[in-house]
Protein chains: 2
Amino acid sequence: MGKNLGSMPQTGIDAIDRELIAVLASDGRIAVSELAKRVGLSAPSTAERMRRLETQGVIRGFTVDIDPRALGYTLQAIVRVQPLPGQLHLVEEAIRRIPEFVECDKVTGDDCFVCRLYLRSIEHLDDILGKVTERAATSTAIVKATPIERRLPPLG
Amino acid sequence: MGKNLGSMPQTGIDAIDRELIAVLASDGRIAVSELAKRVGLSAPSTAERMRRLETQGVIRGFTVDIDPRALGYTLQAIVRVQPLPGQLHLVEEAIRRIPEFVECDKVTGDDCFVCRLYLRSIEHLDDILGKVTERAATSTAIVKATPIERRLPPLG
DNA sequence: CTTGAAAGGGGGCGCGC
DNA sequence: GCGCGCCCCCTTTCAAG
């Protein structure tokens, strides 16, 4: 939202930066000294590269990967949402306010939004979808398995 | 894949654990001492909770959030994939091997897989989809915006 | 970019409470 | 669960090559 996609500065990401990113992707809390060994640089240089990648916006932040089942979310659904005429903005706001929507993309085509929901049960799914069905048509697919968990694209 | 969804132990996640998770989600590299202040515990207790959450599998790991545009992926697509008869397993393998598929869920309904692709251009999209069209029908939606970046569900 | 040194802080461990 | 002390390692900064 509100991001200026056209103003990405021409960042010079070299091979070492890419290796650094790959290591951080697999262990976001690795010590800089250890990271330095992995990429074959000194600790100060490695720390400076990390800072540079952060200020450049390449690294947007660090986070923890949580198993949703441990929080009671034993069900995941992919829901496509088609707002009724004139309801697009209200639907987007509604989705944003419902925390069970953990991911949402606005896309081309008939399905305006493609969303991922974390849910505790089928009843929970019905409950959540009820909050948008007045303003949008929905098409729901239950996640049976996740062959690819979110991963990095090819670096380079 | 191969995960035993039925064997999740009844983990006692209390309010402090949930706060700890929320803080780590917004800053995965925060120091334990600082994290301790945020959750109102001592550093040793906080460190022990982190270790416990990791061994319990609640915390699956720590990672870095990378802006795909910084790596040249200026385009994102959500692709639904319907394997042709008898091709399901081969399609899944093919998708898994193509690194531009950065996310993939196997779902109920006609669309067997729902995937996210990172791409450099429209030509790149055509190139990648060409690798699966012999074995599957695809339905592509280009991402125009992302109202909700992957976030945590309600911690309760 | 490197090495080396110095200063400050953090982490891990074990203790007693 | 907490606080303390201890020691080591890590991080950061600076200098100089």
Side-chain angles (χ1 to χ4, degrees), chain A residues 8-72 152-156, chain B residues 8-72 152-156:
Chain A
M8 179 65 57
Q10 268 307 21
T11 56
I13 308 290
D14 66 14
I16 293 178
D17 288 329
R18 290 192 287 269
E19 194 175 348
L20 196 151
I21 289 168
V23 173
L24 284 175
S26 72
D27 181 4
R29 275 183 84 85
I30 189 172
V32 175
S33 58
E34 176 63 25
L35 178 59
K37 291 175 195 167
R38 300 271 198 96
V39 303
L41 259 61
S42 69
S45 306
T46 305
E48 193 182 343
R49 276 178 186 261
M50 272 185 62
R51 277 193 296 272
R52 196 198 70 221
L53 291 171
E54 286 194 60
T55 59
Q56 278 180 176
V58 178
I59 292 178
R60 290 192 285 209
F62 295 88
T63 189
V64 62
D65 178 20
I66 298 294
D67 186 339
R69 292 171 295 171
L71 300 173
L152 280 182
L155 301 174
Chain B
M8 178 65 56
Q10 268 307 23
T11 56
I13 308 290
D14 66 14
I16 294 178
D17 287 330
R18 290 191 286 268
E19 194 175 349
L20 196 151
I21 288 168
V23 174
L24 284 175
S26 73
D27 181 4
R29 276 183 82 87
I30 190 173
V32 174
S33 58
E34 177 63 23
L35 178 60
K37 291 176 195 166
R38 301 272 196 95
V39 303
L41 259 62
S42 70
S45 305
T46 305
E48 193 181 342
R49 277 178 185 261
M50 272 186 61
R51 277 192 298 270
R52 196 198 71 222
L53 291 170
E54 286 194 59
T55 59
Q56 278 180 177
V58 178
I59 292 178
R60 290 193 286 209
F62 295 88
T63 189
V64 62
D65 179 21
I66 297 295
D67 186 340
R69 291 170 296 172
L71 300 174
L152 280 183
L155 301 174

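Note that the structure is a prediction, hence the values are computed from the model and not measured. To find a chain, count down the sequence lines: A is the first, B the second, and so on, and within it residues start at 1.
- A 4.0 Å heavy-atom criterion places the boundary nucleotides of DNA chain C facing chain A at C:dC1 to C:dT3, written 5' to 3'.
- Among the heavy atoms of the strands lying under 4.0 Å from A:Ser45 is at least one base atom, whether or not backbone atoms are also near.
- For the atom pair B:Ile13 CD1 and A:Ile66 CD1, the distance stands at 8.5 Å (nearest 0.5 Å).
- One distance of note links CG of A:Leu20 with CD1 of A:Ile59; it measures 6.5 Å at 0.5 Å rounding.
- In this structure, the separation between CD on B:Glu19 and CZ on B:Arg49 is 10.0 Å, given to the nearest 0.5 Å.
- Using a cutoff of 4.0 Å between basic side-chain nitrogens and carboxylate oxygens, A:Glu48 and A:Arg52 are not scored as salt-bridged.
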Fill in the blank from the handout: Its contact letters, B for base, S for sugar-phosphate only and - for none at protein heavy atoms under 4.0 Å, make nucleotides 10-17 of chain D read SSSB----
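- In this structure, A:Thr46 OG1 and A:Leu41 CG are separated by 4.5 Å, a value rounded to the nearest 0.5 Å.
- Judged as a salt bridge (charged side-chain N to carboxylate O under 4.0 Å, His left out), and not counting sequence neighbours, A:Glu54 has no contacts.
- Here OG1 of A:Thr63 is found 11.0 Å from CD1 of B:Ile21. Values are rounded to the nearest 0.5 Å.
- In this structure, the separation between CD1 on A:Ile30 and NZ on A:Lys37 is 9.5 Å, given to the nearest 0.5 Å.
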